[in-house]
Enquirer: 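Below is the structure I would like to discuss, written out as structure tokens.
Here the structure is a predicted model, which means the values were calculated and not measured. Proteins come first, then strands; the chains are lettered A, B, ... in the order of their sequence lines, and each starts at number 1.
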Number of protein chains: 2
Amino acid sequence: MPRNRRPQDREEKRQEIVRAAATLFTDVGYDETSTTKIATAAGVTTTTIYWYFADKDALLVAVLDHVLEAALAEAALHSQRPWADQVLWAVDRLERYRRLVTVVHARAPISESIGAWHDEFHRLVDSMMVDGFRDAGVPESDLDAMTKIGVFVVEGLLMHPQSEQDRRAVVTLLTGQTRRGSGSS
Amino acid sequence: MPRNRRPQDREEKRQEIVRAAATLFTDVGYDETSTTKIATAAGVTTTTIYWYFADKDALLVAVLDHVLEAALAEAALHSQRPWADQVLWAVDRLERYRRLVTVVHARAPISESIGAWHDEFHRLVDSMMVDGFRDAGVPESDLDAMTKIGVFVVEGLLMHPQSEQDRRAVVTLLTGQTRRGSGSS
DNA sequence: ACCTGAACACCGTTCAAGT
DNA sequence: ACCTGAACACCGTTCAAGT
């Protein structure tokens, strides 16, 4: 009984569009990637994209969810390592998504769906950061401000690539300076 | 002898285009502002813009220089105030240029002229930050990393507007925590 | 030297028409 | 339900033509 036939195929094709868009948005950029290029890469017609997604922004949200899901799954494997290493690993892992970060910042104020995704994302990152800094011994009174600084520093490191050495120095200072006597000659 | 007539007029018209573009790029956004809208606001034809500027990116660079010059002139008046206040003032003053920050980050990798402007800008900001943190008593060994954290935090505060109170908490923690016994009950 | 109107290639999106 | 070709309004930019 092929009554509800091939919901498989539909999901597969949708995934193929998301994967093609993810690659292009990440490596080339959102503004630099036309819907026609995405369609070609996914093996469909330009207009077909609009059968699966309301507009280009909706496709971007699907890409962001796709990328975030994979990154979170990987991050879970590192949750037992020292706090500084976890932050450093996150920066390493996310650096290639620099272009996605910029486009989210650029479109969040003008696209409701991207704005909502951005807010949700920061809620998630904030909650992870709070836990990390608390475990690292940051006093409760400084925890909120320290979390914000942590998020800003990670974002900054993504946007302004540094040498491995400089990156490590920044993260060490960030995660270590509130613990007494942690280096500095 | 009107041999070299009206270099005044030329500079005036150029300035008018830059001013119109500055307002629109700042309030509406770079991608959201067409060259036609800029031309209309400046009282010229679209193609006239291309007599004064090589392309839209060159106009953006002129806008960035224009805005930066004004901000630096104002900043000079505050150079004697406490370090935390100076940083807080800068965040306050620059918040309205959030859209310019995003577009510079978005276009720096793909436009050589924007990339060059971005590098130059960070050299300037870095040198100001280093002096501030050194005077505030940050040890020489942490100065480079601390400067980067400072720049990232200022950028983060620009991109993610906070309440006056939260902003102050972040900047206080940033500028104060390396000085011994500066609060936190 | 300075400015313009017409044109070019491209963009995201819509929609009537097909299966 | 799913997909398409043709068309729409708009974009940044070019260029021959005017003064």
Enquirer: Could you pull out all residues at least two apart from A/D27 that satisfy salt bridge (charged side-chain N to carboxylate O under 4.0 Å, His left out)?
Expert: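 With sequence neighbours excluded, A/D27 shows a salt bridge (charged side-chain N to carboxylate O under 4.0 Å, His left out) to no residue whatsoever.
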Enquirer: Near DNA chain C, under 4.0 Å by heavy atom, which residues of residues 37-49 of chain A?
Expert: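 Within residues 37-49 of chain A, the residues near DNA chain C are A/T46, A/T47.
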Enquirer: Dot-bracket for DNA chain C, please. Rules: Watson-Crick or G-U, both distances under 3.5 Å, ( ) within the strand, [ ] when a pair crosses earlier ones, | for another strand, . otherwise.
Expert: ||.|||||...|||||.||
Enquirer: Considering only heavy atoms, which members of residues 97-109 of chain B lie under 4.0 Å from some atom of DNA chain C?
Expert: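 Of all residues in residues 97-109 of chain B, none places a heavy atom under 4.0 Å from DNA chain C.
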Enquirer: Contact list please: residues 50-61 of chain A against DNA chain D, heavy atoms, distance less than 4.0 Å, in numerical order.
Expert: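 Heavy-atom contacts with DNA chain D come from A/W51, A/Y52.
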Enquirer: Enumerate the side chain to side chain donor-acceptor pair (under 3.5 Å) contacts for residues 60-77 of chain B, please, sequence neighbours excluded, ordered by first and then second residue.
Expert: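 Found B/D65-B/W117, B/E74-B/R93.
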Enquirer: Under a 4.0 Å heavy-atom cut-off, which of residues 16-29 of chain B touch DNA chain D?
Expert: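 The stretch gives none, as no residue of it lies under 4.0 Å from the strand.
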Enquirer: Give A/T35 one of three labels, base, sugar-phosphate or nothing, depending on what nucleic acid heavy atoms sit under 4.0 Å from its own.
Expert: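 A/T35: base contact, heavy atoms under 4.0 Å.
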Enquirer: For nucleotides 17-19 of chain D, tabulate all protein N/O to nucleotide N/O atom pairs closer than 3.5 Å, reporting atom names and distance.
Expert:
none

Enquirer: If you look only at distance, which donor and acceptor atoms sit under 3.5 Å apart when one is on a side chain in residues 132-140 of chain A and the other is two or more places apart or in another chain?
Expert:
from   : atom 1 : to     : atom 2 : distance (Å)
A/R134 : NH1    : A/E140 : OE2    : 2.8

Enquirer: Just jot down the salt bridge (charged side-chain N to carboxylate O under 4.0 Å, His left out) partners of A/D57, sequence neighbours excluded, or say none.
Expert: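 Salt bridge (charged side-chain N to carboxylate O under 4.0 Å, His left out) check on A/D57 returns A/R107.
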Enquirer: Quick one: salt bridge (charged side-chain N to carboxylate O under 4.0 Å, His left out) partners of A/R98, sequence neighbours excluded?
Expert: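 Listed in chain order: nothing, the list is empty.
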Enquirer: Under the rule for side-chain contact (heavy atoms from CB on, under 4.5 Å), what residues qualify as partners of B/E120, not counting sequence neighbours?
Expert: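 Applying side-chain contact (heavy atoms from CB on, under 4.5 Å) to B/E120 gives B/R123.
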Enquirer: Atom CZ of A/R14 to atom P of D/dC2: distance rounded to whole Å?
Expert: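 About 12 Å, once rounded to whole Å.
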Enquirer: Using a cut-off of strictly less than 4.0 Å, decide whether B/R10 has a side-chain nitrogen or oxygen near OP1 or OP2 of C/dA1.
Expert: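 Looking at the OP1 and OP2 atoms of C/dA1, neither is under 4.0 Å from any side-chain N or O of B/R10.
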Enquirer: A/H160 and B/H122: aromatic ring centres closer than 6.0 Å?
Expert: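 Yes - the distance between ring centres of A/H160 and B/H122 falls below the 6.0 Å cut-off.
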